[in-house]
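Naming: A, B, ... by sequence-line order, numbering from 1 per chain.
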Number of protein chains: 2
Amino acid sequence: MPRDGGATRDLLLDVAERLVERNGFAATSVEMILSEAGSSKGAFFHHFSSKRALAHALVERYVAADLGTLAAGLEAASGESDPVAKLLAFLDYFVGRASALTSESACLYIAVLVEQDLLDDVTSAHVERAIIGWREAVAALMREAFAAMPWDRPRPEPEDLADQLFVVIEGAFLMCRAAGSPEPMRAQLLVYRQLVAALL
Amino acid sequence: MPRDGGATRDLLLDVAERLVERNGFAATSVEMILSEAGSSKGAFFHHFSSKRALAHALVERYVAADLGTLAAGLEAASGESDPVAKLLAFLDYFVGRASALTSESACLYIAVLVEQDLLDDVTSAHVERAIIGWREAVAALMREAFAAMPWDRPRPEPEDLADQLFVVIEGAFLMCRAAGSPEPMRAQLLVYRQLVAALL
DNA sequence: TCCTTTCCAGACCGTTCGGTCTGTTTGTAG
DNA sequence: CTACAAACAGACCGAACGGTCTGGAAAGGA
């Protein structure tokens with residue numbers, strides 16, 4: 001093999017992700033990516049058969065990283081043996097990392113979901129995989145915490161409550177955009193943590 | 001005055017809103033809007049000086065409608081004299097109208113916020129106005145309900161808890177997109193309602 | 001009636017888009 | 001050293017983009 005194609009491919013993905021998160025997919029031209037990356041069309045269409053193929057690769061990589069931070073949160077909470085403490089430690093992990101989340105100005109999922117054209121079999125399968133990953137892991141934590149803590153009033157279904165975390169994170173991304181500040185992410189994650197804690 | 005220009009303008013806004021909510025702003029061309037509306041470029045650029053001016057008009061109209069549904073929710077809850085019942089009635093109003101919210105497949109705010117280029121003085125001022133409108137009205141309901149219902153544990157700030165409603169709605173819009181179903185909107189609003197109710 | 005102003009249709013323009021193609025460089029295997 | 005395939009650079013293409021311009025139709029005031 002000649003020059004290291006993997007490095008160029010990664011660079012193109014890095015630059016593309018930044019630009020797409022800032023301006024959306026349709027508003028980000030291939031030429032902008034190339035100019036920013038200091039690359040050329042030859043390189044781009046060598047690594048990606050089309051702009052849509054770039055979107056597929058972009059989402060696949062993003063989902064992998066996203067499920068990675070989920071795993072990191074689970075790992076951070078794994079020290080706690082008490083189910084309630086474990087759930088709260090899990091949530092605290094993301095509250096603490098809120099500023100790191102919003103350093104990248106927005107979430108790629110939003111850019112993909114906002115354009116129906118981009119929601120083909122490939123992208124929607126990837127996003128669905130991410131959502132289900134979060135749902136199942138968080139719902140399991142919820143169930144254990146609930147079982148350890150009887151309650152007189154009815155509680156939400158753990159799956160729906162787990163989805164609420166995903167929903168709050170995505171919504172908070174949008175509010176950060178509107179506010180022009182990363183602060184709402186932390187505030188909203190903290191509110192979610194407090195609301196969940198009130199069920200325990 | 002010649003033919004009724006207002007009707008054409010409204011039609012263009014209606015069609016544009018539908019297409020932008022479906023595919024985003026950048027991916028929606030002026031010609032697509034015209035073809036869908038059965039109109040022409042002459043008409044379009046007579047009513048809007050540029051595509052950006054269309055975005056401004058679109059957001060302005062959407063914010064007005066959005067604050068209208070907020071007012072409708074407040075009106076629906078105004079019958080209750082007890083602050084707690086009033087807050088819950090307010091939230092129930094939106095749970096009940098969840099399917100109506102997601103009939104329009106997505107929220108225009110998302111399409112605007114996802115493209116940084118679109119966030120100029122005009123659009124960001126409109127969106128901020130909407131967010132503050134919801135925050136202040138909902139936070140007021142929260143404060144009254146909290147005051148009527150003492151609590152031993154610390155509660156979230158009413159403003160942050162009010163923002164959480166906006167955040168959940170926007171996030172739920174995205175989840176509806178990912179799921180290809182309007183169902184998550186209702187489920188997530190219900191979860192939010194249950195979480196708030198657990199504080200009372 | 002006629003004139004004016006608004007409203008609209010559609011041809012047209014320069015630019016930019018995603019994508020193709022040709023040619024050259026670069027690492028590696030034999 | 002040679003051959004070959006992967007990796008890239010950049011000119012080029014047709015289509016589509018946002019926007020302009022000219023001409024004509026429709027309504028109201030004089």
Side-chain angles (χ1 to χ4, degrees), chain A residues 1-20 22-59 61 108 111-112 114-120 122-123, chain B residues 1-20 22-59 111-112 114-120 122-123:
Chain A
M1 286 190 187
R3 312 168 236 182
D4 183 11
T8 307
R9 194 186 130 100
D10 287 345
L11 172 62
L12 289 173
L13 285 172
D14 288 342
V15 171
E17 184 173 322
R18 253 194 20 242
L19 294 180
V20 169
R22 173 170 303 255
N23 272 336
F25 188 77
T28 301
S29 71
V30 174
E31 289 177 353
M32 288 170 59
I33 297 169
L34 297 175
S35 139
E36 191 90 2
S39 191
S40 70
K41 290 210 163 183
F44 184 92
F45 286 100
H46 173 74
H47 290 290
F48 310 101
S49 61
S50 66
K51 197 190 178 190
R52 176 171 292 265
L54 168 72
H56 293 167
L58 226 40
V59 175
R61 203 180 67 146
L108 189 72
V112 173
V114 85
E115 295 185 32
Q116 195 87 283
D117 293 343
L118 283 174
L119 277 182
D120 52 27
V122 180
T123 53
Chain B
M1 287 190 187
R3 316 167 233 180
D4 183 13
T8 307
R9 194 184 130 99
D10 288 344
L11 173 63
L12 290 173
L13 285 172
D14 288 342
V15 171
E17 184 173 323
R18 252 194 20 243
L19 295 178
V20 168
R22 172 169 304 253
N23 272 335
F25 188 77
T28 301
S29 70
V30 173
E31 288 176 354
M32 289 170 61
I33 297 169
L34 297 176
S35 138
E36 191 90 2
S39 191
S40 69
K41 291 209 165 186
F44 183 92
F45 286 98
H46 172 75
H47 290 290
F48 309 102
S49 61
S50 66
K51 197 190 177 189
R52 177 171 290 265
L54 169 73
H56 293 167
L58 226 40
V59 175
V112 173
V114 85
E115 297 185 31
Q116 195 87 282
D117 293 344
L118 253 53
L119 276 183
D120 53 27
V122 180
T123 53

Next item on the list: Grab the CG-C1' distance between A/Leu11 and D/dA7 for me, whole Å please.
Entry: 14 Å
Notebook entry, point to check: Between B/Gly42 and B/Gly6, who's closer to the 5' end of DNA chain C by nearest nucleotide?
Noted result: B/Gly6
Margin query: Taking 4.0 Å as the cut-off, does a side-chain nitrogen or oxygen of B/His47 come that near to OP1 or OP2 on C/dC8?
Written below: yes
Check: Is there a donor and acceptor pair, one atom on the side chain of A/Lys41 and one on the base of C/dG18, closer than 3.5 Å?
Finding: yes
Notebook entry, point to check: Whole-Å distance between D/dG23 P and B/Phe45 CZ?
Noted result: 20 Å
Check: For DNA chain D, what string of dots and brackets results from 5' to 3' when Watson-Crick and G-U pairs need both distances under 3.5 Å, crossing pairs get [ ], and pairs with another strand get |?
Finding: |||||||||||||||||||||||.|||||.
Notebook entry, point to check: What integer distance in Å separates B/Phe48:CZ from D/dG19:P?
Noted result: 13 Å
Item checked: For atom CG of B/Asp10 and atom C1' of C/dC8, their distance in whole Å -> 16 Å
Note to self: Restricting to non-hydrogen atoms, name the atom on B/Val114 and the atom on A/Ala111 that form the minimum distance, rounded to 0.1 Å.
What the structure shows: CG2-CA, 3.8 Å
Notebook entry, point to check: Has the side chain of A/Thr123 got a donor or acceptor atom that lies under 3.5 Å from a matching backbone atom of A/Leu118?
Noted result: yes
Notebook entry, point to check: Under 3.5 Å, is there a donor-acceptor pair between the side chain of B/Glu115 and the main chain of B/Ala26?
Noted result: yes
Check: Roughly how many Å is it from CG in A/Leu54 to P in C/dC17, rounded to a whole number?
Finding: 15 Å
Notebook entry, point to check: What residues in residues 23-37 of chain B put a non-hydrogen atom under 4.0 Å from any atom of DNA chain C?
Noted result: none
Notebook entry, point to check: Does the cation-pi check pass for A/Lys51 over A/Phe44, that is, NZ or CZ under 6.0 Å from the six-membered ring centre and within 45° of its axis?
Noted result: no
Check: Is the backbone N or O of A/Thr28 less than 3.5 Å from a side-chain atom of A/Asn23, with the two atoms forming a donor-acceptor pair by type?
Finding: no
Note to self: Going by side chain to side chain contact (heavy atoms under 4.5 Å, CB included), B/Ser39 matches just one of B/Leu11, B/Leu12, B/Ile33. Which one?
What the structure shows: B/Leu12
Notebook entry, point to check: If only side-chain N and O atoms of A/Ser39 are considered, is one of them under 4.0 Å from the OP1 or OP2 phosphate oxygen of D/dC8?
Noted result: no
Item checked: Distance, rounded to the nearest Å, where B/Arg9 contributes CZ and C/dT6 contributes P -> 16 Å
Item checked: Gap separating the CZ atom of A/Arg61 from the CG atom of A/Leu13, nearest 0.5 angstrom -> 4.5 Å
Next item on the list: Could you tell me which non-hydrogen atom of B/Arg9 sits nearest to which non-hydrogen atom of B/Phe48, and how far apart they are?
Entry: NH1-CE2, 3.5 Å
Next item on the list: Go through the steps to decide whether B/Arg52 and B/Asp120 satisfy the test salt bridge (charged side-chain N to carboxylate O under 4.0 Å, His left out), and finish with yes or no.
Entry: CA-CA 10 Å; B/Arg52 177 171 290 265; B/Asp120 53 27; 2.6 Å; yes
Item checked: Short side-chain N/O contact to C/dC8 OP1/OP2 from B/Thr8, under 4.0 Å -> yes
Item checked: N or O in side chain of B/His46 less than 4.0 angstrom from C/dC7 OP1/OP2 -> yes
